[in-house]
Every structure is written in structure tokens, then in C-alpha cells.
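This report concerns only the one structure given below.
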Amino acid sequence: MTQNRKNKDKTFITNKPLEQYLSGKLELIKLCQAVVCDQLSQIDANRYKLRIPKVRDQMKFIPESHFHIFPELFIQISGASEFQFPQEKFRLYPGELCLMPRTISHAEKAWKWHGPFRNLVICCDKDTTTVHIAQASATRKPSAMEILHFETDRNNRLSYYLDGLVEAFHRQPPGKKIEIKGLLLVSFSAILETLEGKKPIPEKSHFTITKCKRQIVEDFANPNMSVKYLAKLMGCSADYLSNLFRRETGVRLTLHINNERISRAKYLLQTTSLNISETARACGYRDPGYFTRTFRRITGKTPREFRNSGQRA
């Protein structure tokens, strides 16, 4: 299922789409199409390498970790990604895939490996698919270079396929390899259909704001996240970022951070058995009391009332 490491070196050296993209000769959407088509060929020929972390203790937090409420797919293009999970750690090399299950706490580091770090990340929620290419920041954390958003059909079927992959990967069904291959093929076919059949949603915001929003999604579980923290990552002052965000979105940055955190808290309250204090910590709040007050201010209910109401997140 895997190419040997020598072939991986050769694959990186001859990776013309990436070279063309980095030199400005190829648009991101074309690079995505080329990477996805290559993966489809590798899957069809049984030459793929898929890593999926163990789905145990997923809400056990590790330093600098975060999680997502929808599955996320990583395709390593060059360099290597190091993932740390509650149960394990592994590196992803060029041509390899990592499927991140829902709510798995994970930390990422970027490594140079026969070339600079670049990976393609595909995220999906109920009606949107997002793709971005990442590079290494000064602290070796992956950072989005460019982001594309696509509207998809309601109840995005890609998330359904990816959830099925996680389930099949960690059990022993009859014909497991065939099931995994089939789910990979339909997953990548769905991604390619989106890339080739839909136009990206026009980005109306300043790219700094787009990156800032992405950073909040990645870092919402970090209790140290603040306007000052985000401004440092964006390479600007806190006042500049705060004013720019308000001007571009009409919303205060601090309110946006809390809205994102409470959105994740609502999902956890309805889909996990975490208590209120654990939910607060999972969403970046050190003080459960402050979390409860913020949750009530935004939703009109306390976390306990929301959970007991059965209201959908």
C-alpha cells in the first residue's frame, strides 16, 4: 500500500504542480486538482498510505493541541508533518494521507524533509468544503498560505464518507481493505467533483482576516488565545487587527472568538458526555463560571439547560 522511501524522494523532486504553484504559474485550485487526481491514481493502484489516529481518549488534551467538530483530511505534498495525539505520534511523508476524526485532540509540527514543508488540507462541514495549502511558520506550526471555500450540498456527503472511513479503519470488518479503498475512492471523487464543478466562494475579507479566522478555528481550545496572541501570529499590532476585523466583518474580534468557542461547546454538549467543566476547558475557557456566563449571554441558556433541552447545535 505504500511506495518505498526512495520513490517518495523522486516523487517530491518531480512535483511540477507544486513548483508551478510556488512560482505563481499555477492557481491553487489547479494544484488541488492535480494532487487529488494523483491520489485517486495511487488509491486505484493500491499504492496509497493512509493514517488515522486511534479514536480513544480523544478529548484528552496535550500541549498546543486543538480539535475539529468535522473530519479533516491531510495530503502531504512535500516535507513532513508530525502529529501528536493522546494515544500516539506519527509523521506524514510526501504522498501520504492522514484522516483526522471528529473531536480528536491533536498537535502539529512542520518538518523539512527533502524539501520545504507543504501540505494540502481539506475540511468539510454541513454545507461547505474548505481547502488550503499550508507552509511552516517560524515556530514550525503549519500556517495557511491560501484558502478556498466551496458551497456544497446540505449535509455534505464528504463528511459522511470520511466518518465511514474512520469506522472501517478501526474495526475488523470482512473485506476491510476493499471497504477502505472504496470509501477513499468515493471521498476523493467527491472532492474532485467539488474542485472541478464549483467556483470558490468569493473572498470578501482582507486575507489577514481570512487567516485570522482560520487561526481561531485551529486554536479555539487554546486558553491563551486573545487579540494580542492573534495579532502576533498575523504580524501586526493588536489595535490594527482589532480595528481591521471590526471594519471587515462588522463584529468585534473578541465576540467572534467567543462565538466560535460556544459553537464548539454546543456540539460537545449534544454529542459527548463531557461535564460542564470539561466542555469549558475543551473550548479554551479556564474558568467554568465565565464559560457558563458567556454561553448564556450568547445562546440564552446555560450549558446544562442547552444539553437538557435536546436543541440541535
Side-chain angles (χ1 to χ4, degrees), residues 58-61 65-72 100-105 123-130 147 149 151-156 159-160 163 201 203-206 209-231 238-239 241-313:
Q58 57 259 53
M59 299 311 299
K60 180 180 178 182
F61 286 94
S65 67
H66 62 279
F67 68 91
H68 303 277
I69 60 175
F70 287 94
E72 191 175 34
M100 199 66 64
R102 299 169 186 251
T103 69
I104 289 289
S105 180
C123 315
C124 53
D125 58 27
K126 291 180 181 178
D127 51 14
T128 306
T129 295
T130 301
I147 306 169
H149 303 274
E151 286 185 358
T152 53
D153 297 334
R154 194 161 183 80
N155 298 320
N156 195 334
S159 62
Y160 174 77
D163 286 339
I201 301 170
E203 185 55 64
K204 298 179 181 179
S205 298
H206 192 288
I209 301 305
T210 301
K211 284 188 67 177
C212 182
K213 287 181 176 179
R214 180 66 195 173
Q215 192 64 48
I216 292 167
V217 170
E218 294 286 343
D219 250 2
F220 71 89
N222 181 355
N224 296 315
M225 186 172 64
S226 63
V227 175
K228 185 177 180 180
Y229 170 86
L230 290 166
D239 284 344
L241 181 62
S242 183
N243 291 331
L244 179 64
F245 195 95
R246 180 71 177 266
R247 186 172 73 243
E248 292 283 326
T249 68
V251 177
R252 289 183 296 108
L253 180 51
T254 52
L255 177 59
H256 180 79
I257 293 170
N258 278 321
N259 283 339
E260 288 293 317
R261 284 174 161 164
I262 296 305
S263 175
R264 270 68 180 176
K266 288 163 65 178
Y267 179 85
L268 294 178
L269 288 167
Q270 294 297 81
T271 61
T272 74
S273 59
L274 294 177
N275 63 36
I276 304 304
S277 294
E278 290 168 336
T279 300
R281 187 166 62 88
C283 296
Y285 294 98
R286 289 191 178 96
D287 180 359
Y290 177 70
F291 163 68
T292 296
R293 293 192 296 274
T294 302
F295 192 98
R296 186 169 190 171
R297 186 174 70 248
I298 291 175
T299 69
K301 298 177 184 289
T302 67
R304 195 175 306 281
E305 289 169 345
F306 180 85
R307 170 174 272 167
N308 292 339
S309 72
Q311 183 178 335
R312 294 185 66 182

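Residues: numbered from 1 along the sequence shown.
- Within 6.0 Å of CD in Glu151 there are 12 or fewer heavy atoms belonging to other residues, nucleotides or ligands.
- Atom CD1 in Ile257 sits 10.5 Å away from atom CZ in Arg252 (nearest 0.5 Å).
- In this pair, Phe295 and Phe306 present their aromatic rings perpendicular. The plane angle is above 60°, beyond the 30 to 60° band.
- Contact annotation: the side chain of Ile262 never approaches that of Arg296 to less than 4.5 Å [non-hydrogen atoms, C-beta and beyond].
- In terms of heavy atoms, Pro303 sits closest to Phe291 at CG-CE2, 3.6 Å.
- Without hydrogens or angle criteria, Thr271 side chain to Tyr267 main chain gives a donor-acceptor distance under 3.5 Å.
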Intermediate values then yes/no, side-chain contact (heavy atoms from CB on, under 4.5 Å), Thr302 and Arg307:
CA-CA 9 Å; Thr302 67; Arg307 170 174 272 167; over 6 Å; no

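- With rounding to the nearest 0.5 Å, the separation of CD1 in Ile298 from CG in Leu255 is 6.0 Å.
- Without hydrogens or angle criteria, Ser263 side chain to Asn259 main chain gives no donor-acceptor distance under 3.5 Å.
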Do Val217 and Cys123 pass the side-chain contact (heavy atoms from CB on, under 4.5 Å) test, and can you show the C-alpha distance, the side-chain angles, and the key distance before you say yes or no?
CA-CA 11 Å; Val217 170; Cys123 315; over 6 Å; no

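- Of the N and O atoms on the side chains of Arg304 and Asn275, not one donor lies less than 3.5 Å from an acceptor on the other residue.
- Taking the six-membered ring for Trp, Phe67 and Phe220 have ring centres closer than 6.0 Å.
- Of all the heavy atoms in Ala282 and Leu268, the pair that sits closest is CB-CD1, 3.8 Å.
- In this structure a side-chain-to-backbone donor-acceptor pair under 3.5 Å is present from Arg102 to Ile69.
- Between Ser65 and Ala221 the shortest heavy-atom distance is O-CB, 4.2 Å.
- Between Cys212 and Leu241 there is a side-chain heavy-atom pair separated by less than 4.5 Å.
- Note that CZ of Arg246 and CD1 of Ile209 are 13.0 Å apart. Values are rounded to the nearest 0.5 Å.
- Taken to the nearest 0.5 Å, the CD1 atom of Ile216 stands 12.0 Å off from the CG atom of Asn222.
- Looking at residues two or more places apart in sequence or on another chain, you find a side chain to side chain donor-acceptor pair (under 3.5 Å) between Arg214 and Glu72, Glu218.
- Side-chain contact check for Arg261 versus Thr294: every heavy-atom pair is 4.5 Å or farther apart.
- Here the CG-SG distance, from Leu269 to Cys283, works out to 8.0 Å after rounding to the nearest 0.5 Å.
- Listed by chain and residue number, Phe245 satisfy the ring-ring contact (aromatic ring centres under 6.0 Å, His included) test with His256 (two or more places apart in sequence, or in another chain).
- Atom NE2 of His66 and atom CE of Met100 lie 7.0 Å apart (nearest 0.5 Å).
- Taking Asn243 as the reference, nothing meets the side chain to side chain donor-acceptor pair (under 3.5 Å) condition, with sequence neighbours excluded.
- Closest approach of Thr129 to Cys124, counting heavy atoms only: OG1-CB, 4.2 Å.
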Residue pair Thr272, Glu278: steps toward the side-chain contact (heavy atoms from CB on, under 4.5 Å) verdict:
CA-CA 11 Å; Thr272 74; Glu278 290 168 336; over 6 Å; no

